[in-house]
J.: 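This is the structure I have questions about; it appears just below.
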Amino acid sequence: MPNVSDVVWFKQQYGAEMKQAIVGTPLTVDSLVALACQETGEFWPVLRTKGFSAAGVAALCNGDTIDGKSRYPRKAFPTSKAELLAVSDGQRMFDIARRSLVDIGVHFKVYGDIAAKNSDKFCHGFGVFQRDIQFFKEPGEAPFFLNEQFRLFSRSLEKALVELKRGLGKLGLANEKALTDLQCAAVAICYNTGGFNPKLGLKQGYKNDAGKYYGEAFFDYLRLAHTVPTAGEPAVLAPPSRDFALLGRQPVADTAYDGPVMKVEVGEGLLRLRATPELTTPVQANVLAHLPAGQVVRPTGRKSRGRFIEVSTSLHGAAFRGYVAKKFLSTGNPKATLSRDTAVGVPLASGVPAVYAPRLPGSITKRSAFANALSLNEPKQPTRAGSTPDELRASIKLILDWLDPGDSSHARYWPRDSLTFCNVYAHDYCFLANVYLPRVWWKPKALMAIARGEKVEPLLGTTIEEQRANQLFSWLDEFGVEFGWRRASNLTELQTEVNQGAVGVVVARRAESARPGHVSVVVAETDEWRAKRDQSGAVTHVLQSQAGSKNFKYGTVARNWWLGAQFADFAFWLHA
């Protein structure tokens, strides 16, 4: 299937033409590339290496077959050769479709074998974007097939855009100036199925033999396309390092309103940024984030709603837009600007090194033993590995199966003596996924010594100390960006990136500092275990894995626990 080199070739050959064709629409070249990868990615990456010109490649990209005898009967016209022959010019259409199968079979053995074994087999998908033969009998469509216009990239693209624009209309996106990646995927699913169910997310459309849905495959290809420049424009995303995920574009705070910035001024506590301009019961129900004193925000320019004003801001790389109480804002420095955090899930240069508890030579830390300050080092323990989302997801599943906090034999995670071990499990998961979330961290005096340039030896209780959930919350806030973490602004973003093989956590700080906070791991969806979405497609409950008072490998839990009144603050964090 297509890789970076293939996408580079595709954009070099067809990028300028695609860029011109989508003028006036919210569609992107990358979304067209992803569509081509999904529709005919089995063909053109191979054909391009066989000496064919771009035009020659496009001419051969015809596939999928019909003979009326499949285990999965086709519902659209024609369901068989006989049904095709029964319509006007059906014989001519069959001859073209049959020849197309034979032609592609010369270069791909599986199609050659199909053609040789069954003389009734014929193609039903035509052109780089696979215009389906079902359109043949629609008014005005026959010439595209009978004159073999599908062999021209320009005509295949033209027909694809007709269907994509129809999908934009169905989804109410036709007048948008730009689409998010998830919206692009929704349009692609419409292209494949004729509709889109927001509650199913990307798990809809054609499901291939590997169990991957059309929407999931398209999204993976879309992210791949983002790493390749287009017709003189820079790539949307930098390619990830091997064994790390490709995080989506960094959100930035809204800048449409060019009014003065303001600052948060609170005498105590934090300022709640709310999704709606109202107080709720429980008090956290509509809270998006908590803003610290001095946080710079920008009013959006919309009319104030009672005691509230709408603002936008940026926290550790995540864009937020919501309502705050006006009385806690003051006019900021006119020269101040909103934060433009640059964290992209890649560790930054930091003067403070990662630290682990030192172990005695030859000692082994096992899941079956009670938790301590040491990280796991069992033989053959799995790690996150791969260069594609599929490989990353598969390796993460191995990590989850191996750690399995719901297995009672894994005493490291099971509650005992009024103690719970969510922090230990989150550390172990991140540790195996090649991401630093500390099990121990430097004590304040040690940090001061490091800042002075001194070499500090990690000694448990002297220079380092264990990190519990409350401390992990503070560590992520203070040091997370330095070690490649960035915040997510909402559950949809969090679940989407984790589904791509990224690492995600939800962490909450307890209101009573002496009481434990909590941290859970957010994991990729499977066919059996899925996040919950509302009617608009927004994720309302992420798929989690945790240790704590209740241990489970997969779960969505009945409520979003971090909104409980016992927690003073919470955050969603991502790492590539």
Side-chain angles (χ1 to χ4, degrees), residues 18-19 21-36 38-39 76 129-132 134-135 138 157-206 213-223 225-226 236 248-249 251-252 254-257 275-277 286 288 300-303 310 312 319-323 488-497 499 525 530-541:
M18 291 187 291
K19 185 177 179 179
I22 59 175
V23 171
T25 79
L27 298 169
T28 66
V29 170
D30 284 351
S31 65
L32 293 176
V33 173
L35 191 67
Q38 174 63 5
E39 292 291 343
F129 297 100
Q130 292 289 273
R131 184 71 163 172
D132 194 271
Q134 65 182 294
F135 293 101
E138 291 193 3
L157 175 60
E158 179 183 313
K159 292 297 184 181
L161 287 175
V162 170
E163 295 307 309
L164 291 170
K165 289 176 182 177
R166 185 175 298 170
L168 287 170
K170 282 187 176 182
L171 297 175
L173 299 174
N175 295 321
E176 294 293 319
K177 293 182 178 179
L179 303 181
T180 67
D181 285 352
L182 286 175
Q183 287 172 329
C184 287
V187 175
I189 291 168
C190 267
Y191 184 89
N192 178 242
T193 68
F196 175 72
N197 182 348
K199 298 191 75 172
L200 296 178
L202 298 178
K203 288 186 175 292
Q204 49 189 310
Y206 171 75
Y213 287 89
Y214 190 99
E216 294 174 308
F218 173 89
F219 197 87
D220 289 351
Y221 287 131
L222 180 61
R223 285 289 174 85
H226 284 336
V236 174
R249 287 170 286 190
V252 295
D254 176 52
T255 57
Y257 173 66
T276 54
N286 68 345
L288 300 172
T300 64
R302 295 186 179 182
K303 186 177 179 180
E310 189 182 41
S312 61
F320 289 92
R321 184 176 179 137
Y323 296 88
S489 58
N490 56 65
L491 296 179
T492 302
E493 179 190 8
L494 182 62
Q495 187 68 65
T496 298
E497 301 301 337
N499 284 348
E525 294 176 274
R530 301 190 185 187
K532 295 181 180 179
R533 294 173 172 80
D534 62 18
Q535 294 294 335
S536 72
V539 173
T540 58
H541 294 73

J.: Is a side-chain donor or acceptor of Glu216 paired with a backbone partner of Tyr213 at a separation under 3.5 angstrom?
T.: yes
J.: Could you walk me through whether Leu35 and Leu164 pass the side chain to side chain contact (heavy atoms under 4.5 Å, CB included) check?
T.: CA-CA 10 Å; Leu35 191 67; Leu164 291 170; 4.1 Å; yes
J.: Glu525 and Ala531: which non-hydrogen atoms are nearest, and at how many Å?
T.: OE2-N, 2.8 Å
J.: Hey, mind stepping through Ser536 and Asp534 against side-chain hydrogen bond (donor to acceptor under 3.5 Å, both in side chains) and telling me if it holds?
T.: CA-CA 5 Å; Ser536 72; Asp534 62 18; 2.7 Å; yes
J.: What is the minimum heavy-atom distance between Phe196 and Gly201, and which atoms define it?
T.: CE1-O, 3.6 Å
J.: Give, for atom OG1 of Thr180 and atom CD of Glu493, the distance between the pair rounded to the nearest 0.5 Å.
T.: 11.0 Å
J.: Apply side chain to side chain contact (heavy atoms under 4.5 Å, CB included) to the pair Leu32 and Leu161, showing each step before the final yes or no.
T.: CA-CA 9 Å; Leu32 293 176; Leu161 287 175; 4.2 Å; yes
J.: Please enumerate all residues that pass salt bridge (charged side-chain N to carboxylate O under 4.0 Å, His left out) together with Lys159, with sequence neighbours excluded.
T.: Glu141
J.: Can you tell me if Asp181 uses its side chain to pair, donor with acceptor, with the backbone of Phe219 under 3.5 Å?
T.: no
J.: Testing the basics here: between Cys184 and Thr28, what is the closest heavy-atom pair and its distance to 0.1 Å?
T.: SG-OG1, 4.5 Å
J.: Taking C-beta and beyond as the side chain, do Gln183 and Val187 meet within less than 4.5 Å on heavy atoms?
T.: no
J.: Work out which heavy atom in Leu288 is nearest to a heavy atom in Gly322; give both atom names and the distance.
T.: CD1-CA, 4.2 Å
J.: Can you measure from CG (Asn197) to CD (Gln535) and round to the nearest 0.5 angstrom?
T.: 8.0 Å
J.: Roughly how far, to the nearest 0.5 Å, is the CZ atom of Arg321 from the CZ atom of Arg302?
T.: 4.5 Å
J.: Are Arg530 and Leu200 side-chain neighbours, meaning at least one heavy-atom pair lies under 4.5 Å?
T.: yes
J.: Using the side chain to side chain contact (heavy atoms under 4.5 Å, CB included) rule, pick out the option among Gln130, Arg166, Glu39 that qualifies with Tyr191.
T.: Glu39
J.: Just so I know, are the side chains of Met18 and Val33 near enough to count as touching, which here means a heavy-atom distance under 4.5 Å?
T.: yes
J.: Arg131 pairs by salt bridge (Lys or Arg N to Asp or Glu O under 4.0 Å) with which of Glu158, Glu163, Glu138?
T.: Glu163
J.: Is a side-chain donor or acceptor of Thr540 paired with a backbone partner of Lys532 at a separation under 3.5 angstrom?
T.: yes
J.: Is there side-chain contact between Leu168 and Leu27, with at least one heavy-atom pair below 4.5 Å?
T.: yes
J.: Is there a side-chain contact between Leu173 and Leu179 (heavy atoms, below 4.5 Å)?
T.: yes
J.: Ignoring hydrogens, what is the shortest heavy-atom contact between Ala34 and Phe218? Give both atom names and the distance.
T.: CB-CE1, 3.5 Å
J.: Do the side chain of Thr492 and the main chain of Val539 share a donor and acceptor less than 3.5 angstrom apart?
T.: yes
J.: Taking C-beta and beyond as the side chain, do Cys190 and Leu171 meet within less than 4.5 Å on heavy atoms?
T.: yes
J.: Is there a donor-acceptor pair under 3.5 Å between the side chain of Gln204 and the backbone N or O of Ile189?
T.: no
J.: If I compare all heavy atoms of His226 with all of Asp30, which pair ends up nearest, and what's the gap?
T.: ND1-OD2, 2.6 Å
